[in-house]
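Accompanying notes for the structure given below.
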Amino acid sequence: MFDWMTLFEPAKLLYAFAGAAVGVVAGVLPGLAANTALALLLGFTYNMPVDVAVIFLISVWTGSEFGGAITGILANIPGTPEAVPTMLAGHPLALRGQGGLAVGVALLFSAMGNWIGLIVLVLLAPVLIEIALRFSSWEMFLLSMFGVTLSGTMTSREQPLKGWTMGWLGLLLALMGKDAIYGVDRFSFGVPELTSGIGYMPVLVGVFGLAEVLNVLSQPRIKPVLPSQIGSVFPPLRLVRQYWKSMLRAGCIGTLIGAIPGPGAQVASYISYSVGERITGRRFSDGDLEGVVCAEVADNANIGGGLLPTVTLGIPGNSSSALIMSALALHGIILGPNIQNAQPGFLYFLYMALFVGNFAMYISGFLLVRPSMYLLSMPAVVVMSGVVVVCLIGTFSTGFSMFDVLVMFIAGVIGFFLNRQGYPFAPLVLGLILGRLADDNLRRSLMLYEGHYQDVLLRPVGTILLIAVILSFYWGIRRSHQDSRRSS
Amino acid sequence: MLSAAGLLAVACVGIWFSLRMERPAGWLTAPGIVPLFLSVGLGIMAALIGTAAIRRGALTREAVRRLRPSDPAGALRFAALVGAIAGFYFGLLAFLPFEVACFLFLLFVFHMLWTDAPLWKQATAAAAMSLILVASFQTFFDIPLPGENNLLEMLQFHLRR
């Protein structure tokens with residue numbers, strides 16, 4: 001089913017370019033980040049052949065990670081949350097007439113970041129799969145719980161309780177419907193549609209799509225001020241030689257943060273930016289190409305990093321990789337340690353899809369810098385009302401059920417209020433995806449070790465994971481205490 | 001405080017129904033064991049969030065006053081937007097072709113939020129957008145659309161006949 005050579009067929013290349021262009025446009029428009037774009041397009045890929053869906057979504061992801069930089073640098077409005085550091089370092093350059101150069105540097109180093117993430121993915125995926133294949137159901141349960149708790153700890157800084165609560169809520173929602181071992185109905189409340197559980201697709205579209213629409217349209221609109229002259233977008237290639245150290249450092253930070261479940265590109269670009277400032281001793285916010293390099297490389301290296309645990313362990317590294325995982329699940333492909341046996345050729349196809357998607361992002365980025373300036377002058381209400389319709393079509397298209405649309409609507413409205421209260425969505429998504437895995441594996445290990453529960457402590461990997469879960473709770477509590485002490 | 005109360009209610013429902021679930025082979029492998037563990041955890045966390053909110057003064061008169069929207073017109077606009085989306089999804093689509101329902105919804109939202117544009121511009125944008133969305137999703141992604149009927153599909157059917 002997966003042959004990487006087919007990626008060079010004209011039709012697939014066309015999908016790659018279309019995906020990258022859609023991604024860049026979504027990144028440019030404030031309010032439509034990578035998560036939103038992927039959530040909205042997830043349903044539409046249901047009718048596509050699975051290999052086309054993979055290349056399309058990967059290209060959307062790479063495109064949208066870069067697209068935010070255009071708005072940030074030229075209009076001083078972050079197109080995506082992860083583009084804030086790029087905006088800080090790049091907009092002062094635009095004010096000095098070097099906006100084109102800054103955007104070109106962002107594009108070039110976004111591609112470099114993708115390369116670093118891809119190389120790490122290629123090198124480490126087989127090793128991680130080898131390790132994960134030795135995991136029993138007890139370790140798989142602990143790994144899922146580790147993903148959810150760490151995600152909660154990392155995504156809600158001052159109040160990790162809110163992150164964990166969202167993770168727990170996601171896990172609980174995932175358990176609705178018939179259980180896998182005895183076929184007993186859980187929380188179906190006599191509603192026939194609930195006996196097959198709540199699909200995570202409608203919830204994802206609701207919290208990332210509809211909630212975002214409500215968020216954007218309920219805020220006063222900021223009219224972007226665009227520079228009249230942006231200059232040449234083509235960056236001199238000597239910059240790669242000049243900034244290679246920052247590039248490698250940012251690539252490592254981006255990939256590492258991507259591989260940790262929970263924090264996404266936003267955390268990666270912030271950390272890389274501040275580490276860069278500390279090492280160079282310069283303030284990037286005065287306008288500095290190196291600041292753009294640090295933020296953009298980390299932002300895009302996060303893609304390869306995020307895919308690493310997703311593909312090898314079945315634990316999504318961030319919300320975007322969770323959405324890619326959901327898209328594949330719609331096609332019956334379950335990511336995890338068995339992927340090599342279940343879908344031979346998938347890993348090589350994915351590597352090559354990242355390569356082609358990166359190339360498509362680079363070309364589309366160059367072509368779309370100037371047209372995107374016109375997009376920015378469009379009223380937000382026009383774009384966001386369209387997104388409401390896309391949310392509906394995207395949700396309906398996966399199951400042709402208006403019940404799914406109702407779930408999406410409720411998730412969107414509740415998601416809007418929870419987001420306003422500072423509850424993060426990443427742990428909820430992880431909980432929704434990992435809930436069934438955690439439930440099945442815990443109950444299976446309870447059956448396996450019946451009467452000899454002390455034996456689970458003799459499994460070293462399991463014990464390490466158990467300690468890691470406890471430590472992630474401890475770390476969150478400690479950090480929250482430190483933050484509250486600092487603020488008081 | 002309100003969100004904590006909502007989450008606490010979800011946890012209580014979770015605990016209640018987990019305890020009432022069938023147990024075909026005892027407690028340890030019962031289908032309700034993981035939901036019970038999660039609901040108890042959720043309840044404890046919601047209670048902690050609520051307690052922290054009370055300690056920060058969530059029950060004081062000042063905090064209750066802060067719950068009232070600072071911009072009543074904005075709150076009304078938000079409620080109208082949510083109502084319009086619900087009306088479009090669950091009302092208009094039940095008896096109107098997709099394009100018509102989509103056009104009416106877009107026109108309403110544009111009229112409400114795109115105040116600096118004249119009505120003809122709003123109507124043109126709404127009509128163009130609904131046609132573009134329908135045509136692109138139906139032809140590019142080959143997706144059947146929700147709604148009572150579909151004008152574009154009907155037109156294609158008649159043209160083929």
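Chain A is the first sequence line, chain B the second, and so forth, proteins listed ahead of strands; every chain is numbered from 1.
- Distance check: B:I44 CD1 to A:W164 CH2 gives 12.5 Å after rounding to the nearest 0.5 Å.
- At a 4.5 Å heavy-atom cutoff, the contact between B:I33 and chain A is made by side-chain atoms alone.
- Here the CG atom belonging to A:L175 is positioned 9.0 Å from the OG atom belonging to B:S39, to the nearest 0.5 angstrom.
- At a threshold of 4.5 Å between non-hydrogen side-chain atoms, the residues B:F105 and A:L392 do not count as touching.
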(Q) What verdict does the side-chain contact (heavy atoms from CB on, under 4.5 Å) test give for B:F110 and A:S385, after you've listed the backbone C-alpha separation in whole Å, the side-chain angles of each residue and the deciding distance to 0.1 Å? (A) CA-CA 8 Å; B:F110 289 171; A:S385 313; 3.5 Å; yes
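- Only the side chain of A:L442 comes within contact range of chain B, with heavy atoms under 4.5 Å apart.
- Distance check: A:L217 CG to B:I85 CD1 gives 8.0 Å after rounding to the nearest 0.5 Å.
- Using a 4.5 Å cut-off between heavy atoms, A:L406 touches chain B through backbone and side chain atoms alike.
- Side-chain contact check for B:V13 versus A:F187: every heavy-atom pair is 4.5 Å or farther apart.
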(Q) I'd like to know whether B:F78 forms a side-chain contact (heavy atoms from CB on, under 4.5 Å) with A:L214, so could you lay out the CA-CA distance, the side-chain angles of the two residues, the decisive distance to 0.1 Å, and finally the verdict. (A) CA-CA 8 Å; B:F78 173 77; A:L214 296 175; 3.9 Å; yes
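- Here the side chains of A:V405 and B:F90 are in contact, with some heavy-atom distance below 4.5 Å.
- Atoms CG and CE, on B:L93 and A:M402 in that order, are 5.5 Å from each other to the nearest 0.5 Å.
- Across every non-hydrogen atom of B:M129 and A:V382, the tightest pair is CE-O, 3.2 Å.
- The residue among B:F37, B:Y89, B:W114 with the most heavy atom pairs within less than 4.5 Å of chain A is B:Y89.
- Within the 4.5 angstrom heavy-atom criterion, only side-chain atoms of A:L418, from C-beta onward, approach chain B.
- Among A:M447, A:R444, A:Q421, the residue making the largest number of heavy-atom pairs under 4.5 Å with chain B is A:M447.
- Counting heavy atoms from C-beta on, the side chains of B:F98 and A:V389 come closer than 4.5 Å.
- Residues A:W168 and B:M45 are in side-chain contact: their nearest non-hydrogen atoms beyond the backbone lie under 4.5 Å apart.
- Both the backbone and the side chain of B:I49 have a heavy atom closer than 4.5 Å to some heavy atom of chain A.
- Contacts between A:V388 and chain B at a heavy-atom distance below 4.5 Å involve backbone atoms as well as side-chain atoms.
- Proximity to chain A (any heavy atom under 4.5 Å) is restricted, for B:L106, to the side chain, taken from C-beta onward.
- A:K178 places none of its side-chain heavy atoms less than 4.5 Å from the side chain of B:P31.
- At a threshold of 4.5 Å between non-hydrogen side-chain atoms, the residues B:L7 and A:Y423 count as touching.
- With a 4.5 Å cut-off on non-hydrogen atoms, B:A126 does not touch chain A at all.
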